[in-house]
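This structure is a prediction, so every number in the text was calculated from the model and none was measured. Hydrogens, waters and symmetry mates play no part in the numbers below; they use all other heavy atoms, side chains included.
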Amino acid sequence: MGCCGSKTLTSKKLTSKKGDVKCMCVCRDNMGVWSQENKPRISFKGRAKDPFDVKWRAVIVHLKSAENLPDMDRFSKTDAYIKCKIEGRKMEGPGDSVSKIQVSNSIEGIDNCTFPAKTNNSNPKWDKKQVMNYDGAIASADLVIKVEVWDKDGMFNKDDSIGELTLRVPEPADGWKNHDNLGMKGGGKLHLALKTVDCPYIDVPTEKDLVGWNERILIGRMGAKASLLYSTKKGNTKMLLMVPGRNDTFMHFHVAKPFQERGFDIFALDYRGVGRAKRLAEGFDDYYSSHSEGHDEYIEDFDGALQFIDSTGTKYSTKMWYCHSTGAPITLNYLMKNKESGMTQLIMNSPYIGNTQETAGCGLTEFVVEDFTKCLSYGLDRTAIVSGGEAVCPYFFKQVWALYRYHPNLRPLYYTPHVTSGFLASVAMTQDTLMNQKHPPISCPTLLVGSRGDEVLCCEDNHEVADKVTVKSKLTKITLKDNAHDVFLSAEKEDNELAIQKLMEWVDKQFPERAVGA
C-alpha cells in the first residue's frame, strides 16, 4: 500500500489559466526518500566510518569579547580574530612515532571554527556562537579545545599570533561552562563559554513520524517535476504552504506541529531541483542543485501546488504562506506575477531579499559575490562562479546535519554544489524587480523573522528591504539574537523553542478568537 493509502496509482490532469500542469499522485512509501538504505547518489569517501554510524557531539562556542589586546601593528590597533579547534590527546605509536586521536572521522572542517576579525580594536566584542563536532565515542578526558587569538594583517603579510589557550571539553551534563578573564601569555584577556550537546536533536523521520503525510508529484509542461508533501485533517479550514531555500528541503516537522495543533493543513513544496524533487529528475546532477535560469521556471510548480490544494475541495478561509532564504525571492517572484494567489498571510524566515554577510563566516563564499554577478548582466548560464566538489560540506554538516539529520540525497552532505551564474543572477533579478516596484506587491499581514546570529544574510539589511514587500502597517519584524540562518534549525534547542514561540504568538494574533495557548 502506498503513502496515500491507495493500492493503485492515480493521476489527474488539472487545467491552469497559465497552461496545463499535470498533477500525478504517486503512491509510494515515503520512507524511501529518507531511509538510510536509499543509496546516496554522491557517496562519502575516505572516512573511517559512515557519518550516519557515528554518535556525534557538538561543542557550542560562545565567544563574548576580549580586552586589552596588545597592538600588533605600528599605526593601528589590533585586528583580532579567533580560531578554535578540538584536538585529541597525543598517543605513542610504533617506535618513536606520536599521533593524535582522530576526532572528526577524517572530515575536514567540522572540528574547528573561526570568528571573524574585529578591525582596529583592542577591546573587541563578538557575542557570537559557533559549532564544532567530534566523535562522541571519544572520552572528553582525551580531548582539549585549543583557542588561538590572531591579528589579521593585509593580503601580502603574515598574520601575527597574539596568544593561545587550552581548555577542556565540557560534558553535556555540565551545561554552559563560562571561561572569563582568560589571561594570555602575549597579553590581554579573553571571555568565552563552552557547551557540549549530544547529536542529533532531530533524527531522520521514522515511519511513525510520517503517519498522515502524503506526497503529490507535480509534473510541469516540459516534464520538470516538483514534490508536494502534505498532511490534512477533515474539518480544517486553515492551510500553510511552506517553501524551502537553496539546497534545502522540508525537514521541519517540529515547526509544522504547532500549526497542526491549531487546525492547519500543511503543504510543503520542494520545487524542482531541491530536496525530494531531485530524485524525480532522471540523471539529475546534484552539483547543479542550486542552478536556476530565472525564477519564472518555478511558477508552474506553484501553480501545480495551488491547483492540487484547490482540488481537495476544502474551502480554506486562511491561506498562510511560509518561505525561507532563497525560497523568499522565488515566492515573491510568483506573487509579483500572480496577484490572485489567495494568500492571506506571509511568513519570511531569513529571506534572501537583502545583502549577504561580508564576513561570510559560514564559509559559503558564493554569498559574497552577488555584486560581481550583476556585472555579468544577469547571465543565466551554468558557469560555476564558485566550484563545488566531492567533499563533505562542513557548514551543512556542523550547522544542520549533525543536529538535524537528513538524508544526503535531500540536502548537501557528502559534496558541495556549484554556485552558478544562473543562481546568483536569478536572485539579483528578483531583488531588483522588488526594489523597482512602485508599491509593495502584497498587502496582507507579513512576518519577517531573522537573527543577528545569521552567518549568511545581513539581518539588518533584510529588515530594511522588507519594507518593500508589504505595507508597513501590515509588517511585523522579529529579530532573534543567536539563532542560525534558518532560525528553526539553530545550534541550541532553546533558541529553536524561542523562535517557534515568537512565530506562534504572531500566528495566534491573526486569529485572536481562536488562539490556542502555546
### Query
Mind checking what makes side chain to side chain contact (heavy atoms under 4.5 Å, CB included) contact with V274, not counting sequence neighbours?
P244, D270, Y271
### Query
Hey, are E87 and R168 close enough for a salt bridge, meaning a charged N less than 4.0 Å from a carboxylate O?
no
### H295 and Y298 aromatic ring geometry - parallel, tilted or perpendicular at 30°/60° bounds
tilted
### Query
Would you call E148-K85 a salt bridge at under 4.0 Å N-O?
no
### Task
Salt-bridge test for K477 and D467: reply yes if a basic N is under 4.0 Å from a carboxylate O, no otherwise.
yes
### Task
Just do the side chain to side chain donor-acceptor pair (under 3.5 Å) check on N178 and K64 with the steps written out, would you?
CA-CA 10 Å; N178 286 305; K64 303 174 186 178; 2.9 Å; yes
### Task
Can you tell me which residue pairs pass the ring pair (Phe, Tyr, Trp, His ring centres under 6.0 Å) test with a partner in residues 453-500, sequence neighbours excluded?
H324-H485
### Query
Can any side-chain N or O of T249 pair as donor or acceptor with the backbone N or O of L410 at less than 3.5 Å?
no
## Note on the structure
Looking only at heavy atoms, the pair that brings I86 and V103 closest together is O-CG2, 3.7 Å
### Message
Going by the rule side chain to side chain contact (heavy atoms under 4.5 Å, CB included), which residues pair with N462 if we only count those two or more places apart in sequence or in a different chain?
### Response
P351, I353, L457
### S387: partners by side chain to side chain donor-acceptor pair (under 3.5 Å), with sequence neighbours left out
none
### Task
Applying side chain to side chain donor-acceptor pair (under 3.5 Å), name anything that partners K474, two or more places apart in sequence or on another chain.
none
### Query
Taking NZ, NE, NH1 and NH2 as the nitrogens, is one of them in K481 or D127 under 4.0 Å from a carboxylate oxygen of the other?
yes
### Query
Which value, rounded to the nearest 0.5 Å, describes the distance between M132 atom CE and R57 atom CZ?
14.0 Å
### Message
To the closest 0.5 Å, what do you measure between SG (C444) and CD (Q510)?
### Response
9.0 Å
### Query
Step by step, would you call S426 with S292 a side chain to side chain donor-acceptor pair (under 3.5 Å)?
CA-CA 7 Å; S426 296; S292 175; 3.3 Å; yes
### Message
Tell me if a side-chain donor or acceptor on E67 pairs with a main-chain N or O of G188 at a distance below 3.5 Å.
### Response
no
Would you list the atom pairs, donor with acceptor, under 3.5 Å between side chains in residues 160-167 and any protein atom, with sequence neighbours excluded?
none

### Mutual orientation of the aromatic rings belonging to F423 and Y352 [parallel < 30°, tilted 30-60°, perpendicular > 60°]
tilted
### Query
Stepwise, does the side chain to side chain donor-acceptor pair (under 3.5 Å) test hold for N349 with D486?
CA-CA 7 Å; N349 169 10; D486 185 334; 2.9 Å; yes
### Query
For residues Q501 and E497, is any side-chain donor paired with an opposing acceptor at under 3.5 Å?
no
### Task
Heavy atoms only: give me the nearest G273-K278 pair and the separation to one decimal.
O-CG, 3.4 Å
### Task
Taking side chain to side chain contact (heavy atoms under 4.5 Å, CB included) as the test, write out the residues that go with N121, two or more places apart.
N123, P124
### Task
Kindly say whether D153 contributes a backbone atom to a donor-acceptor pair with the side chain of D159 at under 3.5 angstrom?
yes
### Message
As a test of understanding, state which of Y414, F52, F396, Y395 forms a ring-ring contact (aromatic ring centres under 6.0 Å, His included) with W401.
### Response
F52
### Message
For L480, run the side-chain contact (heavy atoms from CB on, under 4.5 Å) check against S490, C459, S451 and tell me which one passes.
### Response
S451
### Task
Output all residues satisfying side chain to side chain contact (heavy atoms under 4.5 Å, CB included) with P200, sequence neighbours left out; order by chain, then residue number.
D203, R405
### Query
With sequence neighbours left out, what residues match H418 under side chain to side chain donor-acceptor pair (under 3.5 Å)?
none
#### Entry: Pairing residues for F115 by the ring-ring contact (aromatic ring centres under 6.0 Å, His included) criterion, not counting sequence neighbours
none
#### Entry: Sidechain N-carboxylate O distance under 4.0 Å for R411, D286
no
### Query
What residues, two or more places apart in sequence or in another chain, satisfy side chain to side chain donor-acceptor pair (under 3.5 Å) together with W126?
none
### Message
Please enumerate all residues that pass ring-ring contact (aromatic ring centres under 6.0 Å, His included) together with F253, with sequence neighbours excluded.
### Response
W213, F250
### Message
T78 vs D151, test: side chain to side chain donor-acceptor pair (under 3.5 Å). Steps then yes/no.
### Response
CA-CA 6 Å; T78 295; D151 173 56; 4.6 Å; no
### Task
Return yes if some donor-acceptor pair links the side-chain N/O of N496 with the main-chain N/O of K493 below 3.5 Å, else return no.
no
### Query
Between CD of Q260 and CD1 of I266, what distance do you get to the nearest 0.5 Å?
5.0 Å
